[in-house]
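Just so it is clear, the structure is predicted and the values come from calculations on it, not from any experiment.
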Amino acid sequence: MALSSESRSRSNGKPHVLCFHQDVAPLRTVKVQGPTRGKHFYGCSHWPNSSGFFKLADEEDRVQELQFLLLERDTRIVKLEILIEELENEVNNLKQAKWKLEDDVVEMAIENTEQLAMISSATADKKLYNLSVASWVLFAIVLLLLGRG
């Protein structure tokens with residue numbers, strides 16, 4: 001037994017039942033022998049060339065409830081897709097920040113190496129200067145001692 005896909009508008013306080021063609025399904029009465037004889041039903045407005053739509057009038061209509069659940073599901077999916085996109089953007093921003101920090105670390109390492117080389121060179125120059133001063137002092141002492149002797 002098929003259910004209508006939606007209710008469009010109300011007539012006499014009851015919603016119109018729509019068939020699969022999205023047309024108002026007319027209210028009819030079962031005329032064939034059987035347990036449903038005399039019951040009212042909604043059938044496709046294109047009957048007998050119809051989609052097979054059939055719904056008893058007293059049948060509990062869960063279409064709106066199911067449509068609401070589908071809408072809630074679709075809304076949740078959209079919210080989650082938006083959240084995924086935001087998180088992907090945040091991940092990309094963090095990756096870019098990481099790459100910048102890595103570049104900064106490499107640049108600082110190069111600067112530190114250059115500074116260490118300059119300090120090492122300055123220390124070597126200072127040692128060389130001190131050594132040459134000490135050798136001149138020693139030379140002067142040796143000359144003084146030779147001059148006395």
Exercise for the section: State plainly whether one hydrophobic cluster holds both Val137 and Tyr129, where clusters connect Ile, Leu, Val, Met, Phe, Trp and Tyr through side-chain heavy atoms under 4.5 angstrom apart. Expected result: yes
Practice task
For Thr36 and Val30, work out which heavy atoms get closest and say how close.
Solution key: O-CB, 3.3 Å
Problem - Worked verdict on Val78 versus Asp74 for side-chain contact (heavy atoms from CB on, under 4.5 Å) - result: CA-CA 6 Å; Val78 167; Asp74 292 345; 5.6 Å; no
Completion exercise
Output for pair (Ile82 CD1, Leu87 CG), nearest 0.5 Å, gives 12.0 Å
Exercise for the section: May I ask you to say whether Glu72 pairs ionically with Arg76, meaning some side-chain N is under 4.0 Å from a carboxylate O? Expected result: no
Problem - Under 3.5 Å donor-acceptor, Thr113 side chain and Ala109 backbone - result: yes
Exercise for the section: Could you tell me whether the side chain of Ser120 and the main chain of Leu116 form a donor-acceptor pair under 3.5 Å? Expected result: no
Fill in the blank from the handout: CD (Glu88) and CG (Asn93) are apart, to the nearest 0.5 Å, by 12.0 Å
Completion exercise
Nearest heavy-atom approach of Cys44 to Pro26 is C-CD, 4.3 Å
Practice task
Nearest 0.5 Å please: distance from the CG atom of Leu101 over to the CE atom of Met108.
Solution key: 10.0 Å
Handout entry: N/O donor-acceptor pair under 3.5 Å between Ser121 side chain and Met118 backbone
Key = no
Exercise for the section: Treating Ile, Leu, Val, Met, Phe, Trp and Tyr as nodes and any side-chain heavy-atom pair under 4.5 angstrom as an edge, say whether Trp136 and Leu143 lie in one connected cluster. Expected result: yes
Exercise for the section: Step by step, work out the side-chain contact (heavy atoms from CB on, under 4.5 Å) result for Arg73 and Leu69. Expected result: CA-CA 6 Å; Arg73 182 204 65 187; Leu69 291 174; over 6 Å; no
Exercise for the section: Determine which pairs satisfy salt bridge (charged side-chain N to carboxylate O under 4.0 Å, His left out) with at least one residue from residues 126-147, sequence neighbours left out, and list them in order. Expected result: none
Exercise for the section: Give a yes or no on whether the backbone of Phe41 and the side-chain of Arg28 come within a donor-acceptor separation of less than 3.5 Å. Expected result: no
Practice task
Find the distance between CG (Asn89) and CG (Leu94) and round it off to the nearest 0.5 Å.
Solution key: 11.0 Å
Practice task
Dump the intermediate steps for side-chain contact (heavy atoms from CB on, under 4.5 Å) on Val32 and Arg37, then the final yes or no.
Solution key: CA-CA 6 Å; Val32 295; Arg37 183 182 176 119; over 6 Å; no
Practice task
Determine, using the 4.5 Å side-chain heavy-atom cutoff (strictly less than), whether Ile141 and Val133 are members of one ILVMFWY cluster.
Solution key: yes
Problem - Value rounded to 0.5 Å, distance of OG1 in Thr29 from NZ in Lys39 - result: 12.5 Å
Exercise for the section: Decide if atom CD of Glu102 counts as having more than 12 heavy atoms of other residues, nucleotides or ligands within a radius under 6.0 Å. Expected result: yes
Fill in the blank from the handout: dist Glu85:CD -> Glu90:CD (nearest 0.5 Å) comes out at 13.0 Å
